[in-house]
Asker: 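Please find one structure pasted underneath; my questions will follow.
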Amino acid sequence: MGFHAKRRVFGVAAAAVLTLALGGCAATESLPYPNLGAVKRIKERILSKEEQDAQIKEMAEDEKSHKDKAIREIERR
């Protein structure tokens, strides 16, 4: 295959890729944009890293106490 034939094949392939890419862009124009006004502010305060760690520790302690209570209840039966 000569240089000009390879160049022509490359040109046709590039044109096909561009056509497909632009065709995809045209299809997305018909999709509606999300309504950004619908985004609401978070009413609850976000916890700091230290507060998150404290909450996680508290939840882990609660889980352990619930498990211990369940084990004692089962053993009583």
Side-chain angles (χ1 to χ4, degrees):
M1 187 179 269
F3 173 75
H4 294 290
K6 288 180 183 178
R7 186 174 175 192
R8 186 175 303 130
V9 169
F10 177 76
V12 170
V17 168
L18 285 174
T19 301
L20 289 173
L22 293 176
C25 293
T28 58
E29 286 181 12
S30 63
L31 297 175
Y33 286 104
N35 184 359
L36 296 178
V39 176
K40 296 180 181 178
R41 288 188 151 289
I42 297 174
K43 294 181 181 180
E44 294 181 19
R45 181 175 72 81
I46 306 271
L47 298 177
S48 69
K49 180 66 175 158
E50 293 79 21
E51 291 171 323
Q52 289 176 14
D53 291 341
Q55 286 292 318
I56 290 170
K57 185 177 178 180
E58 182 181 328
M59 290 170 65
E61 290 170 357
D62 287 345
E63 178 186 16
K64 184 174 178 350
S65 68
H66 287 157
K67 281 184 181 180
D68 292 343
K69 183 179 177 184
I71 289 171
R72 285 192 305 271
E73 184 69 32
I74 290 170
E75 289 174 346
R76 272 193 263 163
R77 293 181 186 182

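On a predicted model such as this, the values are computed, not experimentally measured, just so you know.
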Asker: Kindly write out the residues that satisfy salt bridge (charged side-chain N to carboxylate O under 4.0 Å, His left out) with K57, not counting sequence neighbours, or none if the list is empty.
Answerer: none

Asker: Might you point out which heavy atoms bring Q55 and L47 nearest each other, and give the distance in Å?
Answerer: CG-CD1, 3.9 Å

Asker: Under 3.5 Å, which donor-acceptor pairs link side chains of residues 67-77 to any protein atom two or more places apart or in another chain?
Answerer:
from, atom 1, to, atom 2, distance (Å)
D68, OD2, K64, NZ, 3.2
E73, OE1, R76, NH2, 3.1

Asker: Does E51 reach the main-chain N or O of S48 with its side chain, forming a donor-acceptor pair under 3.5 Å?
Answerer: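 Here the side-chain-to-backbone pair exists.
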
